[in-house]
Structures are given as C-alpha cells and as structure tokens.
Amino acid sequence: MGEITVKLPDGSERALSQGASVYDLAASIGAGLAKAAIAGKIDGDLVDLSAALPDGSSVAIITEKSPEALEIIRHSTSHLMAQAVKTLFPEAKVAIGPAIETGFYYDFDVDHPFAPEDLEKIESKMQELAKANLKIERQVLSSADAVKLFKEMGESYKVELIEDLGAETVSLYRQGDFVDLCRGPHLPSTSHIKAFKLTSIAGAYWRGDEKRKMLQRVYGTAFADKKDLDAYLTRLEEAKRRDHRKLGKELDLFSFSDEVGAGFAIWHPKGAMLRTIIEDFERKEHLKRGYDIVVGPQILKTDLWQRSGHYDNYRENMYFTEVDEQSFGIKPMNCLSHMMIYKSHLRSYRDLPLRFFELGTVHRHERAGVLHGLMRVRCFTQDDAHILCTPEQLDGEIKGVLSFVRDVMGILGFEFEMELSTRPEKSIGSDEDWDRATNALLGALKDSGRPYEINEGDGAFYGPKIDIKLRDCLDRRWQCATIQCDFTLPERFDLTYIDADGEKKRPVMVHRVILGSIERFIGVLIEHFAGNFPLWLSPVQAVVLTVTDNQLMFARQVYEELRAAGIRVQLDSRNEKLGFKIREAQLQKVPYMLVIGDKEVEAGMVTPRYRDGKNLDSMKCVDFIEFIQKEVKGFH
C-alpha cells in the first residue's frame, strides 16, 4: 500500500498510509487528540472523522474547542431529536433540521400538535439514545436509490428534497435504526452529545410557503458541555424577563390588536414619547452631518416600481391599491421619492454630494409566521437616507456613514460587528457595476481597521451592502444599520450631473440607515435596558408623589416648574398610601420619584428617590432641575 502526505495547520507535513482517514491522522499525532477529535477539515471543507485523506491536502482536526465544533454538535443533536421523535411517534414524518445561531430545530409532520409535556418525553428519549453510543455513519447513494428508500419509509418530505436537488448522488447518515438525508458532517457517535435542551414549539409552513402544510417545529439548543448550556439557559431566562412584548405592555408603551390587524403597532403616549425622543435625536445628528430632511408620499405609481425593479424582485413583499383606475404601490422603501427629488433640478458636480434623509414609514407584506412584536412588523419607520455623489466621492461618503454609525452606537452604548453582503442570485445590474460597488464597500471596510466578515449572496437586489449588527447586554446580535452601494438605480432613472468637463455623468447612490427600523430598534432598547432607560431616553423622567392631599398645592407647583424646564414629569396625587405609589413608580421604571410631605412643603424642597430605592438629600426644586439637566447632558 502506498503513502500519502498531508499538511497540518502549523505547516508541518505527515506521511500516512493511502486510504487513511481524518481519525487515523489524529491517532498518529496522539491518543489524546484522537479521543478529542469530532470532525476534520480538508482543504477548508468540514468532513467526518471517517473521511479519507487525499494526497497533498491541508488538514485540520476539529475538537469540541474548535470554532466550527458548535454547529456540528448542534446539527448532530437535531438528528438525535428527530430519532427520538420517530421512536416515540412512529407516524411522524421528518422534514428539515438545521443548526441555527442559537441552537437547532427540526420540523415534523404529525397528526396532533406537540404539547409542552411532549418535549420532556422527547428530551428523555434523546438522553437515552445519546448514552447508547450509537455510531453515526455516512452513506452515499444514487438519488434514485435514496428516493426509493425514503418512499418505502413514507418520508415524502425527504423524497421532495432529493428530487429538487437534481443531483446524481446524495449522502445519508445512519444512527441505529434512524436514517436521514444530510450533507453532514456529523459527530462520530451519539455519545459525543452531552449537553442539550429542548426550548420551544412553533408552527412552520413547509419550505416557508403559506400554501403548504403547517408543520410542528421543535427548537432546542446544544453545547459541548453542561456549563455552557447552563449559562445559555440563564441568559434565556433573562431574555424572557426582558421580552419587549411583556415590558411594552407593563410599561404601557405600545400594543397590538387583532381588530387592527397583525403586524401593526399602536403607540401609547409613553411609547410615542420614546419614539419622539429617538426621532428628534436622529434629526439633530443628521443635520449636524450635512443631510437635508425630505418627505415622500406613501404611495407611488406602480410604473415607477416596475422601472426600479422592485415590482419584479420585491412585489411579493408589497401592497398595491388602485386610484382613479391607476395602479399604485404602497412604498416598502423610500428610495424612489429621493431619486425624484434629485431629478427635479439639473445637477452639477459642485452640488454633490446630496444627502437626503427621511424618517419614512414603509409597509411590507411579512408572512404571519414571522411577525414578532416590534422586531418584525408590517408597518415601520426607517431612518432612511440616500446619498447621491460622484464616483470619486464614494469612498469618503461610505466612510462618513461608518463614522456616523460608530458615533451613534457609542452614545447609545452598543458594541457592533460588520459584514459585507455580496450579490444575490435574484438581482439587477451589470457585473461591472456590482464589482465597482462591492470594491467600494470592501475598501472602506478595510480602511476602517475593524474586523468584518463576508456574507456571500445576501446583498440587496440592486447592490451589495455592509450590514452592521449591534450586540446587546445578553450578547445577542441585532441587524440595524446598513450601507448599500448602488450604481443600478441611477442608471434606470437616468440620474445625471454635469461634470467639470461639461459632460453628463452618472452619480452613485448610497442607500443607508443608522438605526434601521425605529420599531425594531425600540424593541432592542427595551430588552437591552430591561425597560430601565437612561434618563435622556426615559419617556417619564420624574414623578411627583404626595403623601396626603395637604401637599397638593406645593406638589402642583413643583410639577409645573419641572415641566416648564423641559423635564418629562407626571404628578401622582391619588389618595393612596405612599409606599403603594412608590412601588408603582418603580414598576414603571421611572428614574426619579419626588416625595412631597409636610416637611418638604414647610422647607420648600423636594426629596428625590432613585428607582433602585436610593434616597438623595432634600434640595430646592431649581437644584433638582439643574441636577437632572446635568445628568441628561452627561448621557447625551
């Protein structure tokens, strides 16, 4: 038998017998590594431990400590869950079960929806199967043989997937009496699955199509060890406590109503005040950076949406109406109006860049299954702007937006990550324009000095984009800011400017948001701060509390002074016990409570109490106003 040579990550080479596997390589390095190994990487591709090593390949051994391990563990755990479900509910049909960012899920077609107590049974069976140390084996079959196998098993969803793939061969994975269609890789045996938890049940249409059957989706999570799992479950409980839907109701910020329709938020006074604070902050920050505020209509003729490409590439997410026998599209984006503003005048290179900013309300037809409080709605407002500039100005404008994002996230106290999303399959524009746009964004990212990732094929249909994901206090990622570079729409709408040489040239358009959807961002803020907003963001900054009716006249005077000074204040003069009123204010997470008793009236003072229960020294009302204003200035 001949020999092969493979290269290791440290640059060294190792000779092995021809036909050697990834596991054989790990064993040749050491018994400890062989025991810890769960998979391999050959020339950058993840493979099973049993995969044969090609001569001259570069190979890495994957252990539970490797960055790639978690996805493999979670994907294998999703298969373990499917095996447990099939064992307990033989009539169930299995659909798909991928690993996701927070764990995994698997979709099942069952006669009766799963109940919460079913999760306990499934989890118990998974523990049993994991301890059985079932070997997980890869098998490659022709598609025809695989279709025959799954038809015999009654697994119609697997048959559909194989037929849609159109491949000559497919890979299957077997563990005990369970077999599944999968590309892999997977753990070598079920005993490597040690720490997992099933978390919830939801409905999901097969392949995301509302016209197809509703399946039962079981979510779970898995980690390499119990310590990491316990830490995650603790964060999950904290996330439930911070859920913006729960806090939004408790703090009386917003509501949803079946009578109004799913996905349409109704903003109550305190929620509307929170929005106003954020929107006023945004206007101020944009004006500081040379943006012009504009406003476009809610509906535009369908002809315009056809010209822009939205009709062909985005119409399933749009609403349409008819006025005077003319078709109109309700805007899902604000860019068309901004281009019409640009076209309203002859433009010179001296006019550029032009930065049009709009807090634009848009409507998008989101499927009912993906609606989620403020995080996914059908009507929302974007802090949308479009920058029209010369190609020579593009680099500076992109860097300016990145700087804007950095400044705003710094004020709000968020860390963030960046990724470049490239051309999707469904897109418009020439390869040359896409290359120019992608290179412009890539250059700005490189010059920023911050790390970034490439997200292949997830750009907008008209251009690539930089997506900026902020990290909240629970280390969750939220998509907010985005910067999209577009050479295509200026071409379609014949946008031009007169250059220094007197010739007509085509501007470049940068689509960008800083916070993104105001609704979603408020949802993130609620959960990040658990409703305990910093003073400058709090819809109510202080509440004046009377001990008895004897203090009502002075309390009203304090209330009016605070309100006149621009402090957002409420007066609670109800005939209730002081402890009850303080407790209510704390539950409403009001930063300051001003207790007014006979002592305060006699001294002409207020006694501030912070929402955590800490009491401040008594002070004159004017001093409290100065105290508040200083604290607000310190935050923003």
Side-chain angles (χ1 to χ4, degrees), residues 95 100 102 105 107-109 113-116 199-219 239-272 274-275 278-279 298-300 302 305 310-311 313-322 327-334 359-384 476 478-480 513 515-527 531:
I100 55 177
T102 57
Y105 69 78
D107 290 344
F108 301 97
D109 184 352
F114 289 127
T199 54
S200 62
I201 308 164
Y205 292 108
W206 169 233
R207 306 188 97 166
D209 187 345
E210 293 177 358
K211 296 177 181 177
R212 307 292 297 273
K213 187 165 186 178
M214 173 72 79
L215 306 178
Q216 288 284 288
R217 175 168 293 178
V218 180
Y219 285 97
K240 289 179 183 177
R241 188 179 74 83
R242 292 168 176 260
D243 191 317
H244 75 281
R245 295 167 298 178
K246 171 177 171 286
L247 288 174
K249 183 176 182 180
E250 291 174 0
L251 301 179
D252 197 23
L253 299 175
F254 61 86
S255 62
F256 291 88
S257 167
D258 289 339
E259 293 178 83
V260 171
F264 297 96
I266 302 168
W267 292 92
H268 298 200
K270 287 197 291 184
L274 178 58
R275 280 190 64 132
I278 293 169
E279 290 175 357
Q298 283 298 111
I299 65 173
L300 298 92
T302 300
W305 298 111
H310 287 84
Y311 188 82
N313 294 276
Y314 204 75
R315 72 173 176 269
E316 67 272 12
N317 297 102
M318 293 179 64
Y319 299 101
F320 293 90
T321 188
E322 194 169 286
S327 177
F328 285 79
I330 301 172
K331 68 174 179 179
M333 301 171 187
N334 300 293
L359 282 163
T361 298
V362 297
H363 291 75
R364 295 182 185 177
H365 182 200
E366 301 283 4
R367 290 172 175 159
V370 302
L371 297 175
H372 179 76
L374 296 178
M375 304 302 191
R376 199 74 176 264
V377 288
R378 288 172 170 160
C379 171
F380 58 93
T381 299
Q382 288 183 301
D383 60 339
D384 212 354
R476 298 174 299 181
W478 299 99
Q479 170 66 55
C480 288
V513 294
L515 302 182
S517 159
I518 300 298
E519 281 76 2
R520 187 196 309 171
F521 192 77
I522 288 176
V524 172
L525 281 177
I526 292 169
E527 298 196 3

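Note that R212 lies outside the cation-pi zone of Y205, set by a 6.0 Å cut-off to the ring centre and a 45° limit from the axis.
Scanning both residues, R378 and A368, for their nearest heavy atoms gives NH2-N, 3.5 Å. H365 and E316 make their closest contact through ND1-O, 3.7 Å (heavy atoms, listed as atom of the first residue, atom of the second, distance). Heavy atoms only, all atoms of each residue included: W478 and M375 are closest at CH2-CE, 3.6 Å. Of all heavy-atom pairs between S327 and T302, the closest is OG-OG1, 2.6 Å. Between G360 and N334, the shortest heavy-atom contact is CA-OD1, 3.5 Å. In terms of heavy-atom proximity, L215 sits nearest to A95 at CD1-CB, 3.8 Å.
Annotation: salt bridge (charged side-chain N to carboxylate O under 4.0 Å, His left out) contacts involving residues 252-270, sequence neighbours excluded, are absent. Listed by first then second residue, pairs satisfying salt bridge (charged side-chain N to carboxylate O under 4.0 Å, His left out) with a partner in residues 362-373 read E366-R376, not counting sequence neighbours.
A search for salt bridge (charged side-chain N to carboxylate O under 4.0 Å, His left out) contacts involving D243 returns R245, not counting sequence neighbours. By the side chain to side chain donor-acceptor pair (under 3.5 Å) test, R242 is found to be paired with E238, residues two or more places apart in sequence or in another chain being considered. When the salt bridge (charged side-chain N to carboxylate O under 4.0 Å, His left out) test is applied to K246, the partners found at least two apart in sequence or on another chain are E250. Remark: S255 pairs with H268 by the side chain to side chain donor-acceptor pair (under 3.5 Å) rule, at least two apart or across chains. Residues passing the side chain to side chain contact (heavy atoms under 4.5 Å, CB included) test with L359, sequence neighbours excluded: E279, E282, R283, F357, T381, D383, I518. Residues meeting the side chain to side chain contact (heavy atoms under 4.5 Å, CB included) test with A272, sequence neighbours left out: W267. Applying the side chain to side chain donor-acceptor pair (under 3.5 Å) criterion to R476, with sequence neighbours excluded, gives D472, E527. When the side chain to side chain donor-acceptor pair (under 3.5 Å) test is applied to S517, no partner is found at least two apart in sequence or on another chain. The side chain to side chain contact (heavy atoms under 4.5 Å, CB included) check on L300 picks up P297, L304, W305, K331, L336, S337, with sequence neighbours excluded. Applying the side chain to side chain contact (heavy atoms under 4.5 Å, CB included) rule to T102 yields the partners I100, Y232; only residues at least two apart in sequence or on another chain are considered.
With Q216 contributing its side chain and F108 its backbone, the two residues share no donor-acceptor pair below 3.5 Å.
Expressed to the nearest 0.5 Å, how far CG of L374 lies from CZ of F256 amounts to 4.5 Å.
For the pair R315 and H310, the minimum side-chain heavy-atom distance is 4.5 Å or more.
Between Y319 and H363, the two ring planes are perpendicular [angle over 60°; tilted spans 30° to 60°].
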> When you look at Y311 and F320, which way does the ring-ring contact (aromatic ring centres under 6.0 Å, His included) test go after all the steps?
Replying inline: CA-CA 10 Å; Y311 188 82; F320 293 90; 5.7 Å; yes
